[in-house]
Amino acid sequence: MAKIEMKTPLVEMDGDEMTRILWKMIKDELLLPFIDLKTEYYDLGLEYRNETNDQVTIDSAEATKKYGVAVKCATITPNAARMTEYNLKEMWKSPNGTIRAALDGTVFRAPIQVKGIEPCVKNWEKPITLARHAYGDVYKNTEIKVPGAGKAELVFTGADGKEIRQTIQEFDGPGIIQGIHNTDKSITSFAKACFNYALDTKQDLWFATKDTISKIYDHNFKDIFQDIYDKEYKEKFEEAGIEYFYTLIDDAVARVMKAKGGFIWACKNYDGDVMSDMVSSACGSLAMMTSVLVSPSGVYEYEAAHGTVQRHYYKHLKGEETSTNSVATIFAWTGALRKRGEMDTIPELMEFADKLEKATLSTIESGKMTKDLALITSMKDVTVLNSENFIKAVRESLEALL
């Protein structure tokens with residue numbers, strides 16, 4: 001069969017460790033034989049980020065704004081151990097944090113549900129979609145390690161030169177300080193993205209922070225959401241027969257565990273990071289979740305919601321076999337290809353993305369899966385495949401569909 005032609009490139013952001021190995025396998029086995037793949041490639045592997053002083057990450061975000069659709073592999077956010085391991089010039093910030101700051105918008109994450117893998121939370125009948133604010137908070141923080149006694153202050157100097165000053169802490173010994181921020185503009189974009197997504201998908205929207213403790217910072221999120229809802233969305237929600245409500249984050253966690261699912265749960269940046277991992281893991285695996293960043297200007301960046309699978313990578317380097325789940329990475333590609341097809345009016349590309357997803361799920365439902373799923377499936381006599389053979393089994397299913 002002739003390869004599917006593309007018009008506009010995707011922005012392709014390569015990544016680190018085991019997910020980088022899977023990335024190449026997916027392209028070689030599932031994409032390049034069927035698509036005349038056009039991408040503008042950026043190497044976001046930690047070595048090259050270090051070599052370019054992280055300029056490559058900034059460049060990839062700018063390219064995403066230009067082309068409208070990106071697909072990203074999982075990347076390392078370095079800690080002290082990584083500084084030594086990779087001989088880094090400095091402890092570079094989270095690439096996801098940098099890209100999200102450049103694009104603004106909201107990350108929507110939902111579990112990939114498949115027959116035979118039932119959620120750990122037995123009453124979850126429908127997927128729970130996490131809407132994660134994609135800007136600011138600890139992902140754009142400034143930190144100081146306090147060497148000894150002294151006074152820490154929070155200072156804002158206005159454009160008119162006026163100061164607002166608050167004492168954070170009178171230290172009598174060593175400690176730590178963290179400064180975080182957000183903007184009304186970004187919170188407004190987040191709120192509108194959540195309300196629009198709820199209307200598009202006809203799902204209730206929950207929003208949760210901790211405004212009882214954070215009486216200015218978190219309360220500002222709550223107030224902006226409520227104000228926009230009352231002025232712009234209340235009537236639309238009522239017409240659609242869906243509900244918006246605000247609750248405290250701890251109350252939301254308790255409610256979620258007893259809910260049936262089928263709603264959107266909006267969270268601040270860090271809360272969304274943690275809770276999306278909880279939901280995906282409870283639905284089978286961190287590798288069974290889609291993740292897309294949607295910016296206010298209509299730019300889309302698709303990624304896997306999990307990390308770089310470091311433990312499997314070290315086994316791979318020793319020549320040992322791994323059984324790493326590639327589903328979320330496959331779905332990052334299908335999401336990006338479908339959106340590219342939609343934007344460029346290439347129905348064949350959209351259809352291919354649909355069939356690749358169907359092939360991936362039907363492979364699992366036929367009893368062929370990676371070890372993480374084999375440990376929790378309700379199916380009997382399953383075949384555990386290694387990383388490469390699972391992708392090859394998906395190719396067989398795909399070829400049958402094509």
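All values below come from the heavy atoms of this structure, side chains included, with hydrogens, waters and symmetry mates left out.
Evaluation of the ring-ring contact (aromatic ring centres under 6.0 Å, His included) rule for Tyr197 yields Phe108 as partners, not counting sequence neighbours. Looking at residues two or more places apart in sequence or on another chain, you find no salt bridge (charged side-chain N to carboxylate O under 4.0 Å, His left out) involving Glu51.
Inspection of the Thr322 and Ser387 side chains reveals an N or O donor paired with an N or O acceptor under 3.5 Å. No donor-acceptor contact under 3.5 angstrom links the side chains of Ser94 and Asn96, judged on distance only. A donor-acceptor contact under 3.5 angstrom links the side chains of Lys72 and Thr75, judged on distance only.
A salt bridge links Glu62 to Lys65: one of the charged nitrogens lies within less than 4.0 Å of a carboxylate oxygen. Ion pairing of Asp344 with Arg340 is present here, as a side-chain N (NZ or NE/NH1/NH2) and a carboxylate O approach within less than 4.0 Å. Remark: Arg255 engages Asp251 in a salt bridge, criterion side-chain N to carboxylate O under 4.0 Å. Between Lys315 and Glu321 no salt bridge is recorded (no basic side-chain N to carboxylate O distance below 4.0 Å). Using a 4.0 Å cut-off between a side-chain N of Lys or Arg and a carboxylate O of Asp or Glu, Arg338 and Glu351 do not qualify as a salt bridge. A salt bridge links Arg82 with Glu17: at least one charged nitrogen is closer than 4.0 Å to a carboxylate oxygen. The existence of a salt bridge linking Glu396 and Lys392 is excluded, since no basic side-chain nitrogen approaches an acidic carboxylate oxygen closer than 4.0 Å. With respect to the salt-bridge test (charged N to carboxylate O, under 4.0 angstrom), the residues Lys24 and Asp28 qualify. Salt-bridge check for Arg132 with Asp271: failed, with every basic side-chain N at 4.0 Å or more from each acidic carboxylate O.
Side chain of Ser276 to main chain of Asp273: a donor-acceptor pair is present (N/O by atom type, distance under 3.5 Å, no hydrogens or angles). Formation of a donor-acceptor pair under 3.5 Å by the Lys3 side chain with backbone atoms of Leu32 is found in this model. In this structure, the side chain of Trp124 engages the main chain of Val256 through a donor-acceptor pair within 3.5 Å. Of the possible donor and acceptor atoms, none in the side chain of Asp54 sits under 3.5 Å from a partner among the backbone N and O of Thr57.
Ring centroids of Tyr217 and His181 are separated by 6.0 Å or more, keeping the two rings apart.
The aromatic rings of Tyr270 and Tyr139 sit tilted, their planes meeting at an angle between 30° and 60°. Relative ring orientation between Phe207 and Phe225 is described as parallel, the plane-to-plane angle staying below 30° on a 0-90° scale split at 30° and 60°. Under the 30°/60° scheme for interplanar angles, the aromatic rings of Tyr302 and Tyr300 are found to lie parallel.
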Discussion item. Would Glu301 and Arg100 count as a salt bridge (charged side-chain N to carboxylate O under 4.0 Å, His left out) here? Give the steps.
Written reply: CA-CA 9 Å; Glu301 183 236 338; Arg100 287 167 191 157; 5.4 Å; no
Worksheet item: What's the verdict on salt bridge (charged side-chain N to carboxylate O under 4.0 Å, His left out) for Lys231 and Asp227, showing C-alpha distance, side-chain angles and the deciding distance?
Response: CA-CA 6 Å; Lys231 287 178 180 174; Asp227 186 53; 3.4 Å; yes
Worksheet item: Could you walk me through whether Asp43 and Arg49 pass the salt bridge (charged side-chain N to carboxylate O under 4.0 Å, His left out) check?
Response: CA-CA 8 Å; Asp43 184 357; Arg49 277 186 274 145; over 6 Å; no
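Among the candidates Asp59, Asn53, Thr52, the single residue satisfying the side-chain hydrogen bond (donor to acceptor under 3.5 Å, both in side chains) test with Gln55 is Asp59.
Nearest heavy-atom pair across Lys210 and Tyr246 is N-OH, 4.2 Å. Considering every non-hydrogen atom in both Cys283 and Ile117, the closest pair reads O-CG2, 3.7 Å.
For the pair Lys151 and Phe171, the NZ or CZ position fails the cation-pi test of under 6.0 Å to the six-membered ring centre and within 45 degrees of the ring normal. The cationic group of Lys192 does not satisfy the cation-pi geometry with Phe195, failing either the under 6.0 Å distance to the six-membered ring centre or the 45° limit from the ring axis. Lys234 forms no cation-pi arrangement with Tyr229, by the criterion of a distance under 6.0 Å to the ring centre and an angle within 45° of the ring axis.
The 12-atom threshold is not exceeded at NZ of Lys260, counting heavy atoms of other residues, nucleotides or ligands nearer than 6.0 Å.
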